[in-house]
Amino acid sequence: MSQVIGYEKVGDIAVLSANNPPVNALGVDVRRGLLAGIERAETEGALAVLIYGEGRTYFAGADIREFGKPPQEPWLPALCDRIEASPLLVVSALHGTALGGGLEVALSCHYRIAIPSTKVGLPEVNLGIIPGAGGTQRLPRVAGVEAALDMITTGRHVRAPEALEMGVLDKVQDGNPRDIGLAYVQDLLEANAPRRPVCEMARPVAIDFDAAYDAVLKKGRGQLSPAIAVRAVQASCESADFAAGQARERELFMELMASDQRKGLIHAFFAERAVSKLPELQGISPRDLHKIGVIGGGTMGAGIATSALLAGLAVVLLEMSPEAAHAAKDRIAANLAGAVKRGKLSTVEHDDILQNRLTLATDYDALGDVDLAIEAVFEDMEVKKQVFARLDAVCKNGAVLATNTSYLDINEIAGSVRRPGDVIGLHFFSPAHVMKLLEIVVADQTAPEVAATGFALGKRLGKVSVRAGVCDGFIGNRILNTYRSCADHMVLDGASPFQIDTALTEFGFAMGPYAVSDLAGLDIGWAARKRKRTAGLDPRARDSFYADKLCETGHFGQKTGKGYYVYEMGKRGGTPNPEVMPLIEAERAERGISPRTFTDKEIVRRYMVAMVNEAAKVVGDGIARRPLDVDVTLLYGYGFPRYWGGPMKWADLQGLPTVLDDIRKWSEEASFFWQPAPLLEQLVAENRSFDDLNRET
Ligand code: 3H9
């Protein structure tokens, strides 16, 4: 019998138990085992079959690692049909996460029972495909079209009680899957319950599918799979019979399977799981974390404190004055109120956090017993060093001393204290209690267990943590500076900020770079430009001043109601600010630039190639360990469209030689900006891709 599917007879019931850790994915051995189990049960004269999973879950889906490889029989759709067609009564008992192909196997059984904590879902669209083993045909038959469309186009996980109400489950009961399953099958046999193949149920009632398609397509911002899923569900209502609907599902599934979006989304799935797996941290235990100190209670500090409090940690928040401390508490309270509103926190927990787990302080001595202190004060080296000197004096031995700096040299900060091994960068993204990205910046002397503690904190806070090395801007902001400069160059040369924003949102970014600047506050970029000019810009670098002029007239973006766009109270988004283009045109005239036109395609290409080139330098310099670390950083911190998998995956999909060709071509007009990354040149010369590098490291 199969290693991964156990077979056992309990009276008249054949019990098939899956044992394919960690998530009982439906790989070829599991599929073969299930088929063999059904056939054996039929041959041995069983009356019924029970299918359940050992370990933490029922089948969590098809084995994603098999995608893109030659398929091996039995295929999942055929297996589902075979299970459904069995003359025996087939029942599944669910626990954990019955997802994708897992739920499709369950739907091909005649009855379904689950323990209350089970979640079911068809999350295939998040991998760039649609359910391909009958899910788009069976789910609408049991739950109706509206409910099926909701589940399939969003991929959301539905809890057992709701799934019971929807008709996806027949019964929910406490216990373990094997026991509740056996009892349920016994009851069904005693009641002489009939086989109940979903494929024989009536065709579901149609809705206005064109309207549903348009709405889903719009919401997907360029992602195709949810909209294609609508067409597959439509086939469940409109096809002549079940088999014809299934054939349509198969056709659409195969189309998406071959798409770049599928490749990008599956890359993102594995990349986000690989980022925190670092060989140098294998076997290194993190330090204990119970209480953390946050220095500075502005937007960032309050966000970090909120995130830690929500994760169950005690927080001491240090501010300069009682008034500032209370203002920080108000910010945290507002963040927590948001969590209550979204149903993430009960009011009792909310009150407990504010009364018992958050301590306000104005004296560094209050940080004496924290396990980790993180500063979120003004972005200035001298200010940071003063804070670290105080932390060095008061924090207990073994406390981790962290900085939330976005740009500054953490080696220099570490060099200013007596315990540089305890110093690390923890770069949160604003708002820190919402944004999932955490850059963990490991400085030259950071001790391995301090780095491990950074990752442990990230996991506890529910963040996606990426290891970065020390440089100006680390991974994300260093790359941002370059592609942002590329956009500014295009503006000087003839594109408008509005055309650039539109081209990039069409590409799939949540927002264009100029709308992002308005959101962040134009004063931030202004300060950075002034700092760089004071430090001395390379004379070959192209600088521009039109944005300074906006700031000089008090326009800082959304917070002042005007920036690149004009914002009206109560309205989402803004309209182009008519004062912007005259400023740009004046600067072009002053510099003797005759503006040229850019197509949207060229804008996207230049912006992306600039991003990839800098990213290749970041990997080549060892600031990011692997290309996938860059991808995850851009996906989680910079609104990069997930269906491209990240900039490095995008470059692989374009073909690295074409990317390098463009850099070389553009370097003829601007040789300082367009200097090819040595790593990119090397990969092209060796006919390798960024993904090859991911696999090697
Ligand atoms: C599908 O079913 C298509 C069908 O409609 C049609 C076919 C014809 N395959 O996330 P975790 C690995 S598409 C292979 O850290 P958690 C994962 O990489 C599929 N591997 O745990 C990780 O490996 P490692 C539809 C998988 O507890 C380990 O398992 N299903 C798969 O935080 C643990 O994962 C989905 O989209 C898989 N399907 O979360 C579900 N799933 O330890 C995808 C996981 O080496 N999976 N792995 O890094 C999930 O959403 C989460 O993994 C789950 C557990 C919620 C199940």
Side-chain angles (χ1 to χ4, degrees), residues 4 18 20-31 34 53 55-83 94-108 117-139 148 151-152 154-159 225-226 228-229 232-233 246-247 249-258 261-263 265-278 282 436 459-460 462-465 628 632 642 694-695:
V4 289
N20 185 30
V23 298
N24 278 322
L26 287 151
V28 64
D29 292 340
V30 175
R31 299 197 301 274
L34 282 172
R56 59 197 240 208
T57 183
Y58 185 77
F59 311 107
D63 189 334
I64 305 169
R65 288 164 306 185
E66 288 182 355
F67 291 2
K69 298 185 185 151
Q72 285 182 279
E73 291 192 8
W75 296 356
L76 196 56
L79 175 65
C80 287
D81 290 350
R82 177 66 183 83
I83 291 172
L94 280 47
H95 79 297
T97 41
L99 301 175
L103 182 58
E104 290 176 301
V105 169
L107 285 168
S108 62
S117 56
T118 311
K119 289 182 194 156
V120 303
L122 291 174
E124 284 88 343
V125 293
N126 299 327
L127 299 173
I129 52 174
I130 58 170
T136 64
Q137 307 303 300
R138 291 192 177 92
L139 188 61
M151 272 180 76
I152 296 172
T154 64
R156 79 181 176 94
H157 297 184
V158 175
R159 291 173 184 282
S225 49
I228 301 288
V233 172
Q246 250 185 333
E249 175 192 85
R250 187 91 207 133
E251 191 184 2
L252 296 171
F253 175 85
M254 295 308 285
E255 237 172 61
L256 288 170
M257 199 55 148
Q261 292 202 356
R262 189 276 294 169
K263 292 176 194 150
L265 284 163
I266 286 184
H267 170 77
F269 178 88
F270 285 116
E272 69 197 12
R273 284 164 176 78
V275 272
S276 55
K277 288 186 188 131
L278 297 175
Q282 286 286 318
K436 295 267 281 179
K459 190 165 184 201
R460 178 108 187 240
K463 303 292 179 200
V464 176
S465 304
L628 67 85
V632 172
R642 188 178 168 89
N694 286 331
R695 278 190 283 272

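All values below come from the heavy atoms of this structure, side chains included, with hydrogens, waters and symmetry mates left out. As the structure is a computational prediction, the values presented were derived from the model and not from experiment. Read the numbers this way: they start at 1 and go in the same order the structure lists the ligands and their atoms.
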Discussion item. Between Arg31 and Glu66, does any side-chain N to carboxylate O distance fall below 4.0 Å?
Written reply: yes

Worksheet entry | Test of proximity, Leu127 against ligand 1: N or O pairs below 3.5 Å | no

Item to complete: Indicate yes or no: does Arg138 engage Glu249 in a salt bridge with an N to O separation below 4.0 Å.
Response: no

Worksheet item: If you round to the nearest 0.5 Å, how far is CZ of Arg695 from CG of Leu628?
Response: 11.0 Å

Worksheet entry | Under 4.0 Å to a heavy atom of Thr97 - the qualifying atoms of ligand 1, by number | 56 (C)

Practice prompt. Measure the spacing between NZ of Lys119 and NE2 of His95 and express it to the nearest 0.5 Å.
Written response: 13.5 Å

Discussion item. Quick check for you: to the nearest 0.5 Å, what is the distance between Phe67 atom CZ and Arg262 atom CZ?
Written reply: 7.5 Å

Worksheet entry | N/O separation below 3.5 Å, Ile64 to ligand 1 | yes

Discussion item. I'd like to check which ligand 1 atoms, numbered from 1 as shown, lie under 4.0 Å from a non-hydrogen atom of Arg56.
Written reply: 16 (P), 21 (O), 27 (O), 33 (C), 54 (C)

Response to the item:
Atoms of ligand 1 under 4.0 Å from any heavy atom of Gly100, numbered from 1 in the order shown, are 2 (O), 25 (C)

Worksheet item: Which atoms from ligand 1 have a heavy atom of Gly61 less than 4.0 Å away?
Response: 2 (O), 30 (N)

Discussion item. Side chains of Thr57 and Thr97: any donor to acceptor distance under 3.5 Å?
Written reply: yes

Worksheet item: How far does OG1 of Thr136 sit from CG of Leu122, to the nearest 0.5 angstrom?
Response: 9.0 Å

Worksheet item: Does atom 32 (O) of ligand 1 have a protein non-hydrogen atom under 4.0 Å from it?
Response: no

Discussion item. Nearest 0.5 Å, please: how far is CG in Asp63 from CG in Asn24?
Written reply: 11.0 Å

Worksheet entry | Which of the ligand 1 atoms, numbered from 1, are nearer than 4.0 Å to a heavy atom of Pro131 | 5 (O)

Worksheet item: For atom CZ of Arg156, is the number of surrounding heavy atoms from other residues, nucleotides or ligands below 6.0 Å larger than 12?
Response: yes

Discussion item. Quick test: of every protein heavy atom, which one is nearest to atom 8 (C) of ligand 1, and how far off is it to 0.1 Å?
Written reply: Phe253 CZ, 3.7 Å

Worksheet entry | Flag side-chain contact, heavy atom, 4.5 Å: Thr118 against Tyr58 | no

Item to complete: Say whether Trp75 and ligand 1 are in contact under the criterion: heavy-atom distance to a ligand atom below 4.0 Å.
Response: no

Fill in: Heavy-atom nearest option to atom 42 (O) of ligand 1, drawn from Glu66, Lys277, Glu272
Lys277

Worksheet, complete the sentence: Among Arg273, Glu249, Met257, Glu124, closest by heavy atom to atom 34 (O) of ligand 1 is Arg273

Practice prompt. Check whether any heavy atom of Gly135 sits under 4.0 Å from an atom of ligand 1.
Written response: no

Discussion item. Quick check: Arg65 and ligand 1, any N/O pair under 3.5 Å apart?
Written reply: no

Worksheet item: Gly128 and Leu256: which non-hydrogen atoms are nearest, and at how many Å?
Response: O-CB, 3.4 Å

Fill in: Nearest-0.5 Å distance, CG of residue Leu127 to NE2 of residue His267
13.5 Å

Worksheet item: Side chain or backbone of Ala62 under 4.0 Å from ligand 1, or both, or neither, by non-hydrogen atoms?
Response: both

Discussion item. With nothing but distance in play, are any N or O atoms of Glu104 less than 3.5 Å from an N or O of ligand 1?
Written reply: yes

Fill in: ligand 1 contact on Val23 by region, counting heavy-atom pairs under 4.0 Å
side chain

Item to complete: Decide if atom CZ of Arg82 counts as having more than 12 heavy atoms of other residues, nucleotides or ligands within a radius under 6.0 Å.
Response: yes

Discussion item. Regarding Asp81 and Arg250, does a basic nitrogen lie under 4.0 Å from an acidic carboxylate oxygen?
Written reply: no

Fill in: For Pro22, the ligand 1 atoms whose distance to one of its heavy atoms is below 4.0 Å
28 (C), 29 (O)

Discussion item. If I apply the N/O under 3.5 Å rule, does Ala60 come out as touching ligand 1?
Written reply: yes

Fill in: Shortest protein contact, atom 50 (O) of ligand 1 (heavy atom only)
Leu99 CD1, 4.0 Å

Practice prompt. Ignoring angles and geometry beyond distance, decide whether Gly132 reaches within less than 3.5 Å of ligand 1 through its nitrogen or oxygen atoms.
Written response: yes

Worksheet item: Does the protein put any heavy atom within less than 4.0 Å of atom 16 (P) of ligand 1?
Response: yes

Fill in: Nearest non-hydrogen protein atom, atom 14 (C) of ligand 1
Asp63 OD1, 3.2 Å

Worksheet item: Would one find an N or O of Gly101, backbone or side chain, under 3.5 Å from an N or O of ligand 1?
Response: yes

